[in-house]
Amino acid sequence: MSVYLFNTLTRSKEEFIPIENGKAKIYCCGPTVYNYQHIGNLRTFLFEDILKRVLMYNGFEVTHVMNITDVGHLVSDEDEGDDKMELGASREGKTVWEIAEYYTDVFKKDLQRLNILFPDVFCKATDYINEQISMIKCLEEKGFTYKTSDGIYYDTSKFPDYGKLAKLDLEGLRAGERVEFSDEKKNPSDFSVWKFSPKDKKRQMEWDSPWGVGFPGWHIECSAMSTKFLGNHFDIHCGGIDHIPVHHTNEIAQTEACTGEKFVNYWLHGEFLNMGDVKMSKSSGDFLTLQKLIEMKYDPMHYRYFLLSAHYSTKLKFTFEALDAAKSGYDRLLTNVLKIKNSVSEIKTTENTFKEHEKFKAFINDDLNIPRGLAQLQQVISSELSNEEKLFLIYEFDKILGFGFKDAEEKPKDDIDIPSEIITLVENRIEAKKNKDYKRADEIRNELKEKGFEVIDKKDGYEIKRL
RNA sequence: GGCGUGGUACCCAAGUGGCUUAAGGGAGCAGUCUGCAAAACUGCCAUUCAUCAGUUCGAAUCUGAUCCACGCCUCCA
């Protein structure tokens, strides 16, 4: 069965045909580690996780590379403003290196909590400064760069297909009122590949280069590292949809100018998660993280389920109402799965499972239609299939959905400490129930409620819940 | 100003010419079960897809117009 993917380059769904038979080489733009990743950032990483799982499921040997941007880049694509890393460092009174390490660790932890498979390679921009310098040299030799007072710039007018990915209207860009650019830039779309350190102050991160002490431009790291690990020409490059007009456009310009080869065959982009009314912006400082959701008693799987209910290429509006719906939906699903797991000792494949399995594969291979796959899981669970058949399908589907059903177990009861006063009341209620004194039992139930507790009767005892 | 999306039930969200008189989840309602409650389970829940016109044997899906909402071009995934 073939995998079909929507390619931003052609704006159409195409069959995935790898460069090297049976192998898929993927590069994903990773985080800039100057702050926590917000839940919107994580949506993109989850989309990439699904892509990888689907390719692996189809038998491709996947090589997945993700960069960690730990170099300070300026807060504007127009090469102006402050350095994000240094800003983060001064905000927290740490060195930029400490900032980078801390937020990288948090990022990885978030991925783990969401059951996102790790890339084969995490590459830090600061570990590959030489590779970046080599690429700039290459561009310089081929005449694609020029020097200004603050750095080395890429001359986009020298690259014939510049802006192809984004269908950029360069004339419109020039006429656009909002694009300001320094007098020294030859074209509004030109961008820096190397920035000189400011003369008046010492940066925490800076390196020697043939052009003077400074630091690399934002886009060059991805060009340098992706080609280092995956070759000049590889299969898939992904990232958030916001990367289309600038970052990815510039990556293509740099890399193809330097190598003279086609850079990437398939460009895939994940849509944004929009907040109900708050914009999901990092600069505002007020943004939602996975950690915050966990503190609000959501399980990372609730968030995963929420994200999987929408296709990666459509905008998804985040609201707590929607997250609560996902929470209920996931909890019920998990309960059902556990019930099935506990009722059978083995899985079974039959003609029925074959049919369902084929259907599922068709969905996920059709540009990663996970919402459809998820719907099918629900249908299978409430179908007439035997539990052995269901369990087979649950495990298969879960290889893509990634809820970890194989390892899932009954949730341990919240070991919140219950005051002894409450326990006494509950014991009294049990006693009353034994004596068929249901009036008294209900009184106690109400009393507990007033004190903020709820008792749930179980076959062999009770469970106390804090309200 | 440029580029690009989308408007599907109470909410989230699939579907993009006939397989669909529109998946799935949540909420709600009714019922089964339980002394009650909770959980679980069963059933019900859009003849209709922003509006108008058109193409077609056939449209939520294509075309045009209109209205509305949103994203990016500033840092963003």
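Lettering follows sequence order; numbering is per chain, from 1. Side-chain atoms are counted along with the backbone in the values below, which use heavy atoms only and exclude waters and symmetry mates.
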Chemist: Take T289(A) and H38(A), measure what side chain to side chain donor-acceptor pair (under 3.5 Å) needs, and give me the verdict at the end.
Modeler: CA-CA 4 Å; T289(A) 59; H38(A) 58 56; over 6 Å; no
Chemist: Which is true for R43(A) with a 4.0 Å heavy-atom rule: it touches a base, it touches only sugar-phosphate, or it touches nothing?
Modeler: nothing
Chemist: Is a salt bridge present between E443(A) and R440(A), judged by a nitrogen-to-oxygen distance below 4.0 Å?
Modeler: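 Salt bridge present between E443(A) and R440(A).
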Chemist: Categorize Y330(A) for me: base, sugar-phosphate, or nothing, with a 4.0 angstrom heavy-atom threshold over every strand shown.
Modeler: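 The residue Y330(A) makes no contact with any strand.
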Chemist: Hey, is K13(A) close enough to D366(A) for a salt bridge, meaning N to O under 4.0 Å?
Modeler: yes
Chemist: Nearest-Å distance, CG (N342(A)) to P (A39(B))?
Modeler: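 It is 20 Å, rounded to the nearest whole Å.
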Chemist: Got H237(A) and Y266(A) here, is their nearest side-chain heavy-atom distance under 4.5 Å?
Modeler: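 No - every pair of side-chain heavy atoms lies 4.5 Å or more apart.
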Chemist: If the C1' atom of C12(B) is compared with that of U8(B), how far apart are they to the nearest Å?
Modeler: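 After rounding to an integer number of Å, I get 12 Å for this pair.
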Chemist: Rounded to whole angstrom, note down the C1' distance from C11(B) over to G54(B).
Modeler: 34 Å
Chemist: Taking N or O atoms only and anything under 3.5 Å, show me the protein contacts with nucleotides 6-13 of chain B, one pair per line.
Modeler:
| from | atom 1 | to | atom 2 | distance (Å) |
| --- | --- | --- | --- | --- |
| A13(B) | O2' | S309(A) | O | 3.0 |

Chemist: To the nearest 0.5 Å, tell me how far L9(A) CG sits from N265(A) CG.
Modeler: 8.5 Å
Chemist: Would you say a side-chain N or O of R332(A) is under 4.0 Å from OP1 or OP2 of G26(B)?
Modeler: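 For G26(B), OP1 or OP2 has a side-chain N or O of R332(A) closer than 4.0 Å.
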Chemist: Can you confirm whether the side chains of E389(A) and S386(A) place a donor and an acceptor under 3.5 Å from each other?
Modeler: yes
Chemist: Among A37(B), A23(B), C76(B), which nucleotide has an atom closest to any side-chain atom of D457(A)?
Modeler: A37(B)
Chemist: In whole angstrom, give me the gap between the C1' atoms of C72(B) and U66(B).
Modeler: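 Rounded to whole Å, the distance is 25 Å.
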Chemist: Can you say whether a donor on the side chain of D442(A) sits under 3.5 Å from an acceptor on the base of G35(B), or the other way round?
Modeler: yes
Chemist: Taking for each residue the nucleotide of RNA chain B with the nearest heavy atom, is it S328(A) or I241(A) whose nucleotide lies nearer the 5' end?
Modeler: S328(A)
Chemist: Quick one: pull up CG in L393(A) and CD in Q379(A) and give me the separation to the nearest 0.5 Å.
Modeler: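 Between atom CG of L393(A) and atom CD of Q379(A) there are 12.0 Å.
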Chemist: With rounding to the closest Å, how many angstrom separate the P atoms on C70(B) and A30(B)?
Modeler: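 That atom pair is separated by 37 Å.
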Chemist: When you look for runs of 3 or more Watson-Crick or G-U pairs in a row, both distances below 3.5 Å, which of them include RNA chain B?
Modeler: B:1-7 with B:67-73, B:10-12 with B:24-26, B:28-32 with B:40-44, B:50-54 with B:62-66
Chemist: Take atom P in G64(B) and the same atom in A23(B), then report the distance between them in whole Å.
Modeler: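 Nearest-Å result for G64(B) against A23(B) at atom P: 29 Å.
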Chemist: Whole angstrom is fine here: how far is it from CG in N274(A) over to C1' in C72(B)?
Modeler: 11 Å
Chemist: Could you check which of C76(B), G24(B), C72(B) has an atom nearest any side-chain atom of A375(A)?
Modeler: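 It is G24(B).
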Chemist: Would you call D437(A) and K433(A) a salt bridge, taking side-chain N to carboxylate O under 4.0 Å as the test?
Modeler: no
Chemist: Could you tell me whether the phosphate oxygens of C41(B), OP1 or OP2, come under 4.0 Å of any side-chain nitrogen or oxygen in N336(A)?
Modeler: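 True: N336(A) side-chain N/O within range (under 4.0 Å) of C41(B) OP1/OP2.
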Chemist: If you check the R429(A) side chain, which of C36(B), A14(B), G71(B) turns out closest?
Modeler: C36(B)
Chemist: I need the CG-C1' distance between D437(A) and G35(B), as an integer number of Å.
Modeler: 11 Å
Chemist: As a test of understanding, state which of C28(A), P31(A), C238(A) forms a side chain to side chain contact (heavy atoms under 4.5 Å, CB included) with F45(A).
Modeler: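 With F45(A) as partner, C28(A), P31(A), C238(A) yield a single side chain to side chain contact (heavy atoms under 4.5 Å, CB included), made by P31(A).
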Chemist: Check the orientation of Y36(A) and Y103(A). Use parallel for under 30°, tilted for 30 to 60°, and perpendicular for over 60°.
Modeler: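 Perpendicular, since the angle between the ring planes exceeds 60°.
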Chemist: Rounding to an integer number of Å, can you tell me how far L334(A) CG sits from A39(B) P?
Modeler: 16 Å
Chemist: Which of these nucleotides, G71(B), A37(B), A23(B), is closest to any side-chain atom of F272(A)?
Modeler: G71(B)
Chemist: Kindly point out which of G4(B), G35(B), G15(B) is positioned nearest to the side chain of Y438(A)?
Modeler: G35(B)
Chemist: Assign each of H243(A) and S313(A) to its nearest nucleotide of RNA chain B by heavy atoms, then name whichever residue's nucleotide is nearer the 5' end.
Modeler: S313(A)
Chemist: Can you tell me how far P of C36(B) sits from NZ of K436(A), to the nearest Å?
Modeler: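 Interatomic distance, NZ of K436(A) to P of C36(B): 11 Å.
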Chemist: Do Y303(A) and Y330(A) have ring centroids that are under 6.0 Å from one another?
Modeler: no
Chemist: If you check the N369(A) side chain, which of C72(B), G15(B), G25(B) turns out closest?
Modeler: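 The answer is G15(B), which lies nearest to the side chain.
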Chemist: Checking contacts here: which listed nucleotide (G26(B), G35(B), C76(B)) is nearest the side-chain heavy atoms of A441(A)?
Modeler: G35(B)
Chemist: I'd like the P distance from A40(B) over to G26(B), given in whole Å.
Modeler: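 These two P atoms come out 9 Å apart once rounded.
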Chemist: What distance, rounded to whole Å, do you find between the two P atoms, one in G43(B) and one in U16(B)?
Modeler: 27 Å
Chemist: Tell me which nucleotide among C72(B), G35(B), G4(B) gets nearest to the side chain of R11(A).
Modeler: G4(B)
Chemist: Can you tell me, in whole Å, how much space there is between the C1' of U61(B) and that of A14(B)?
Modeler: 13 Å
Chemist: Mind calculating the distance between CD (E271(A)) and C1' (U5(B)) to the nearest angstrom?
Modeler: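 So the CD-C1' distance, E271(A) to U5(B), works out to 7 Å.
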Chemist: If you look at every strand shown and take non-hydrogen atoms under 4.0 Å, does G239(A) touch a base, only sugar-phosphate, or nothing?
Modeler: sugar-phosphate
Chemist: In whole angstroms, how far is the P atom of G24(B) from the CG atom of L393(A)?
Modeler: 17 Å
Chemist: Would you say E98(A)'s side chain and T95(A)'s backbone share a donor-acceptor pair under 3.5 angstrom?
Modeler: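 Yes: the side chain of E98(A) pairs with the backbone of T95(A).
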Chemist: For a quick check of understanding: with a heavy-atom distance under 4.0 Å over all strands, which category does Q376(A) fall into, base, sugar-phosphate or nothing?
Modeler: nothing
Chemist: Rounded to whole Å, please give me the gap between CZ in R372(A) and P in G25(B).
Modeler: 12 Å
